[in-house]
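The sequence lines fix the lettering, A, B, ..., with proteins before strands; numbering per chain opens at 1.
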Amino acid sequence: MTDTDITSGTMDGMGPKGTKIGLLRVLGPAHVWALGVGIVLVGEYMGWNFSVGKGGAYASLIACWFAGILYTCVAMIDSEVTSTVASAGGQYTQAKHIIGPLMAFNVGLYLVFAYTMLEAANAVTVGFLVQEVAGMTGHAEALNDDAFIVLAIVFLAWLNYRGVLATLTFSLVITAFAFVAILLLFVMTAPAVAPGLLQHGELMSGGASLPYGWIGIIAAMHFGLWYYLGIEGTTQAAEEVRSPARSLPFGTLAGIMTLIIAATLTWYVCAGLMPWEYLGQAGTPLFDAARLTGSTFLVVILGIGTLFATLASANGCINDASRAWFAMGRDKYLPGWFGAVHPVYRTPYRAIIFLVPIALLFALQLPLDQIITFSILSGLLGYTFMPINMILFRRKWPLDSIKRGYEHPMHPLPAITLLALCGVTYFAVFLGYGTQLIAMIAFYIVASLWFHFWRYRFVDRGAQFTMPWPKPRGY
Amino acid sequence: MPMWTLIEYAAWAVSAILGLNMLWDWYRTDTTYSEEVLTSSREGEIEAMTEQHRM
Amino acid sequence: MAHYKPPRQSRAGQIIDVFVLLALTIGALYVPLWLKLAGSSTVQTPVENPTWESLGQSPVMVERWAQLGYATPADAHDLITTRFDYAFTWGAVALMVVVIVGYFVMMLRLSEKEYRDVISEKFDGK
């Protein structure tokens, strides 16, 4: 790519291949942090507590930390690869350059489905929260939540359509609020402030310590992923970040640290306030925790925090899913019509519009646990791809062959750890949700065959390899 | 209480306005610009601009 | 290797491809629901005339249940006695391992085949 004219002022991205309209490069590391943490933080406000139901409070904490190790490996691997492969497709583009087209197609689908399902789950939670508030303010009959589910999805899609900077600045503000709300709850329930409120010893002894024994700890890993699910989405912003090689590793690693802190605090407060049988099935555990403190101030703050966390998450999900869908359209993995960029707002507008009715269909039609499990499984398949990706990346392009913005330490230890933890999590999902696991893999097998034998004919072979890298070793 | 019923209708109305705004803008964009311009984005061009990967 | 020139896909073909993908997705989500195979497997172990003691709840727990709106043992009975069923057969575990490993092996092999074409066209063509 030495013939690139970087002084050209007419073409966006100075493209040697003729980009006239590209995505706009306006984001900084704080936006990357907001995108990563914003998607995930909702996991602290709802969903993680199902891991308490699957194994008890101690099992949930152990799962929280093991999932923390899993995601630290994910963040390290992702940071290294993505500081080199900076593209809107994220892991999809990584797979395309390092493993091959079919893997890339599958990874692209994992991304789109994991995020679209998470978006639908968030919209359902918004509806649930509005219903709760209507009930608390004295609305007589049950409020129909459809209007609010539709509003959440359409509003955020509209925001995404109109431009990425405003969208992620919105995310940054509401994510910061939701995070501060968790810190406030932690401070105001501390024994020095409210003596006798947290009763870990009483609530977690005897039969309540490990109700399912050791297998419960493994089973809890299933929903343990909810503490962090989605942090890998930071890579999708690569074409819109001002200096991807620096901002992406920084934002991602800062994000995972924030989340490990928030997850542990959330567990600590909730496990000290509620019996595990209740906590294990609660719809909005942090909101319940605030109610148990007896402080109206905390109830209001955590109520708003829950709303903001779900909106930030759905917002990030629309952003990431549409970028992955767009990147696949651009390469003709999907119809090329989706590879369009809006000439004014510089967003992948057709991908954004197309995914709206799909998110609505899932949010209005499917039960919540089905949506969540599909999302977790798509995420999990993506994490299984990452160690394979990392090992092949180091083998085909060793450290001295291309410049990396970030090199993660102790290779291949993180990759092997990640693969082992993924294996444990498959077994955890299998305990209780085995049918969904098989149904979903069957879906990906059929989709793979469809791609290999039909769809791949529309893809230009050599042109999809876009990185200015040397030829891989061994080819 | 009619207040929440009103809020519900308002939610439907806002959704419809935002949705129609998007659809209208989509239609206008697709009829104003040629397909070649709209789908001219190519992956990896930023790379060529920002850094050379050879050491 | 000769440069592969992909055909241009018609508008109708593009629409059909999108619908195929949609049908596959919706199928994967709804088929387990229709077959009533979705959701977690739980078992109930009911307690006759439940008291807080027979449900294994300590005084602190009872106080918290009350604050959460479960005033009597009967209210909280269903929540406390519902448990996951973690019984499984090793045959089912083996099936899961075969399906997952088989899926990844198939995908990696087909990918490798496609990848060699990409690399040879990209680096040897010029």
Looking at [options], which has the largest count of heavy-atom pairs under 4.5 Å with chain A?
| options | answer |
| --- | --- |
| C:I15, C:L21, C:D85 | C:L21 |
| C:K113, C:M106, C:Q14 | C:Q14 |
| C:L68, C:I26, C:V18, C:I80 | C:L68 |
| C:A92, C:G27, C:A87, C:G102 | C:A92 |
| C:Q9, C:K5, C:E112, C:R8 | C:Q9 |

Which residue out of [options] racks up the most heavy-atom pairs below 4.5 Å with chain C?
| options | answer |
| --- | --- |
| A:M274, A:K96, A:M440, A:H452 | A:H452 |
| A:P472, A:G280, A:S448, A:A219 | A:P472 |
| A:Q281, A:Q365, A:E277 | A:E277 |
| A:F362, A:W450, A:F427 | A:W450 |
| A:V446, A:L109, A:I445 | A:I445 |

Checking [X] against chain A: side chain, backbone, both or neither under 4.5 Å from a heavy atom?
| X | value |
| --- | --- |
| C:L22 | side chain |
| C:Y86 | both |
| C:R11 | side chain |
| C:T25 | both |
| C:V20 | side chain |

Should we say atom CZ of C:R109 is surrounded by more than 12 heavy atoms from elsewhere, each under 6.0 Å from it?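 Check fails, neighbour count at 12 or below.
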Exercise. Would you call A:R455 and C:D17 a salt bridge, taking side-chain N to carboxylate O under 4.0 Å as the test?
Worked result: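 A salt bridge links A:R455 with C:D17.
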Hey, is C:D124 close enough to A:K471 for a salt bridge, meaning N to O under 4.0 Å?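 Yes, charged N to carboxylate O under 4.0 Å.
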Side chains of [X] and [Y]: is there a donor and an acceptor less than 3.5 Å apart?
| X | Y | result |
| --- | --- | --- |
| A:Q436 | A:T373 | no |
| C:W65 | C:D75 | no |
| A:S378 | A:Y444 | yes |
| A:N389 | A:Q94 | yes |
| A:T384 | A:Y426 | yes |

Point-to-point distance, once rounded to the nearest 0.5 Å, from CZ of A:R350 to CH2 of A:W325
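Reported to 0.5 Å precision, the distance equals 14.5 Å.
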query: Between atom CE of A:M103 and atom CD of C:E114, what is the distance when rounded to the nearest 0.5 Å?
result: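 Going from the CE atom of A:M103 to the CD atom of C:E114 covers 12.0 Å.
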Side chain, backbone, both or neither: which part of [X] has an atom under 4.5 Å from a heavy atom of chain C?
| X | answer |
| --- | --- |
| A:I98 | backbone |
| A:L292 | both |
| A:A442 | neither |

Are A:F105 and A:Y456 packed together at the side-chain level, in the sense that at least one heavy-atom pair is separated by less than 4.5 angstrom?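 No. Closest side-chain heavy atoms not under 4.5 Å.
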**Request:** Quick one: sort the A:F443 and A:F374 rings into parallel, tilted or perpendicular, breaks at 30° and 60°.
**Result:**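 Tilted: the ring planes of A:F443 and A:F374 meet at 30° to 60°.
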Original post:
For the residue pair A:F50 and A:F223, does the interplanar ring angle fall in the parallel (under 30°), tilted (30 to 60°) or perpendicular (over 60°) class?
Top reply: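 If you compare the ring of A:F50 with that of A:F223, the planes turn out perpendicular.
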Establish, yes or no, whether the cationic atom of A:R457 lies under 6.0 Å from the six-membered ring centre of C:Y4 and within 45° of the ring axis.
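Geometry flag: not set, cation outside 6.0 Å or 45°.
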Residue-level contacts of residues 48-60 of chain C with chain A, using a heavy-atom cutoff under 4.5 Å =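 Residues C:Q57, C:S58, C:V60 are the ones that qualify, each having a heavy atom under 4.5 Å from chain A.
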